[in-house]
> 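Starting off with a structure, shown below.
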Amino acid sequence: MGRKTKSKAPILIFHGTADWRILPGSSFAAAKALQQCRHPYRLVMLEGSDHSLSEHAREVYASTKTWLDKYVRDKEPSPDLKPHGR
């Protein structure tokens, strides 16, 4: 049997800054929790967008397609979030 590993599939989070249903702080909290456990993610705050992100539908679609192509279709490895640099 193969060795089981925890999934580190990157998570893509979009949040509209004009969302009245869920405040942007919720997405910041999710991103903070992912960062603390070094789980790869991208948080995209869409200025003036509502809960359905309707004002940025084309951008959301294009970004989602690029994200899925990169990590699902092309099977690119997840980024390492171990602190580095100068």
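Not measured: the values here are computed from a predicted model.
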> Can you name the closest pair of heavy atoms from I13 and S27 and give their distance?
CG2-OG, 3.9 Å

> Kindly work out whether a path of hydrophobic side-chain contacts (I/L/V/M/F/W/Y, heavy atoms less than 4.5 Å apart) joins V44 to L53.
yes

> Scan residues 13-36 for pairs that pass salt bridge (Lys or Arg N to Asp or Glu O under 4.0 Å), counting only residues two or more places apart or in two chains.
none

> Once rounded to the nearest 0.5 Å, what's the spacing between atom OG of S63 and atom CG of L46?
8.0 Å

> Taking distance alone, no hydrogens or angles, what donor-acceptor pairs closer than 3.5 Å link side-chain atoms of residues 74-86 to residues at least two apart or in another chain?
from	atom 1	to	atom 2	distance (Å)
S78	OG	K8	O	2.7
D80	OD1	K82	N	3.0
H84	ND1	K82	O	2.9

> Among Ile, Leu, Val, Met, Phe, Trp and Tyr joined by side-chain contacts under 4.5 Å, find the other residues sharing a cluster with V72 and list them by chain and number.
L68

> Pairs in or reaching into residues 11-30: which pass ring-ring contact (aromatic ring centres under 6.0 Å, His included), with residues at least two apart or in two chains?
none

> Who passes ring-ring contact (aromatic ring centres under 6.0 Å, His included) against Y71, sequence neighbours left out?
W67

> Kindly give the heavy-atom pair with the smallest separation between L43 and A31, and that separation in Å.
CD2-CB, 3.9 Å

> Could you list all the salt bridge (Lys or Arg N to Asp or Glu O under 4.0 Å) pairs where at least one residue sits in residues 35-57, not counting sequence neighbours?
none

> Check salt bridge (charged side-chain N to carboxylate O under 4.0 Å, His left out) between R73 and all other residues, then give those that pass, not counting sequence neighbours.
D69

> Y61: what forms a side chain to side chain contact (heavy atoms under 4.5 Å, CB included) with it, not counting sequence neighbours?
K65

